[in-house]
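Have a look at the structure below before the remarks.
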Amino acid sequence: DVEALMAEAAKVEPAFHAAIKKLILEAGGEFKQGPLKKVERVVEKMENDYGNDHTRVVDIVRDSGVFETMDGYGKAIEKLLSGDCDIEIVRFKDRLANGD
């Protein structure tokens, strides 16, 4: 249910932010902590995009990294792909290749 999903997101939020911050800073980027997605938006996505399946809403805890160079961005991606960080990728959206 959505309440349990939001509670789990709040529980993992500090560790998530710490892991992402470490990855971004080590790669030379600027870390920008994002807010938790609001319950209303989670419900909206669940109903409109995922057939009421709350388990498919996976971007409740969010962060961003800003990189001045492609080299820094590449370092972050290499760390993610190699498993040389405290993050496990389970799904991603490639907005660079798709032009979105």
Side-chain angles (χ1 to χ4, degrees):
D1 70 38
V2 175
E3 275 187 36
L5 185 63
M6 296 304 294
E8 184 176 356
K11 180 180 174 184
V12 303
E13 183 181 22
F16 179 86
H17 292 314
I20 296 293
K21 183 176 184 177
K22 181 176 185 252
L23 169 74
I24 291 169
L25 294 179
E26 286 179 355
E30 176 187 352
F31 172 75
K32 295 192 176 201
Q33 182 171 316
L36 279 179
K37 186 169 289 216
K38 295 188 183 300
V39 173
E40 297 81 15
R41 180 66 180 130
V42 171
V43 170
E44 182 181 310
K45 284 186 78 171
M46 182 183 77
E47 291 174 347
N48 296 335
D49 299 342
Y50 301 127
N52 286 322
D53 182 359
H54 70 279
T55 64
R56 295 186 60 203
V57 182
V58 295
D59 61 344
I60 297 171
V61 183
R62 319 167 275 175
D63 290 320
S64 296
V66 178
F67 295 90
E68 295 290 327
T69 66
M70 287 305 291
D71 183 58
Y73 177 73
K75 287 178 186 176
I77 297 301
E78 286 175 11
K79 285 180 85 64
L80 281 170
L81 293 175
S82 72
D84 184 25
C85 60
D86 297 328
I87 301 161
E88 177 186 358
I89 300 172
V90 293
R91 190 187 104 187
F92 72 93
K93 186 184 294 185
D94 185 347
R95 290 190 174 168
L96 291 177
N98 297 328
D100 295 338

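These figures come from a predicted structure and were not determined experimentally.
- In this structure, NZ on K21 lies 13.0 Å from CG on L23, to the nearest 0.5 angstrom.
- For the 3.5 Å distance criterion, the side chains of D63 and H17 qualify, holding a donor opposite an acceptor.
- Across all their heavy atoms, A27 and A76 have their closest contact at CB-N, 3.6 Å.
- Residues V58 and L36 do not share a hydrophobic cluster, clusters being chains of Ile/Leu/Val/Met/Phe/Trp/Tyr side chains in contact below 4.5 Å.
- Here the closest heavy-atom approach between residue I24 and residue S64 is recorded as CD1-O, 3.5 Å.
- D53 contributes atom CG, which lies 12.5 Å from atom NZ of K45 (distance to the nearest 0.5 angstrom).
- Using a distance-only test at 3.5 Å, with no hydrogens or angles considered, no donor-acceptor pair links the side chain of D86 to the main chain of A19.
- At most 12 heavy atoms of other shown residues, nucleotides or ligands fall within 6.0 angstrom of atom OH in Y73.
- Take S82 and apply the side-chain hydrogen bond (donor to acceptor under 3.5 Å, both in side chains) test, not counting sequence neighbours, and it matches no residue.
- Separation of atoms CG (L81) and CD1 (I89) is listed at 5.5 Å; rounding is to 0.5 Å.
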Stepwise salt bridge (Lys or Arg N to Asp or Glu O under 4.0 Å) test for K37 and D59 = CA-CA 8 Å; K37 186 169 289 216; D59 61 344; 3.0 Å; yes
Verify side-chain contact (heavy atoms from CB on, under 4.5 Å) between M46 and V2, making sure each step is shown before the conclusion.
-> CA-CA 9 Å; M46 182 183 77; V2 175; 3.7 Å; yes
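- The shortest side-chain heavy-atom distance between V42 and M6 falls under the 4.5 Å cut-off.
- To the nearest 0.5 Å, atoms CD1 (I20) and NZ (K22) are separated by 11.5 Å.
- For E8, the CD atom is loosely surrounded, since the number of other residues' heavy atoms within 6.0 Å does not exceed 12.
- Note that the NZ atom of K75 and the OG1 atom of T69 stand 7.0 Å from one another [nearest 0.5 Å].
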Please step through side-chain contact (heavy atoms from CB on, under 4.5 Å) for the pair V66 and F31, ending with a clear verdict.
-> CA-CA 7 Å; V66 178; F31 172 75; over 6 Å; no
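- The CD1 atom of I87 sits 5.5 Å away from the CG atom of L80 when rounded to the nearest 0.5 Å.
- Checked against salt bridge (Lys or Arg N to Asp or Glu O under 4.0 Å), D84 has the following partners two or more places apart in sequence or in another chain: K79.
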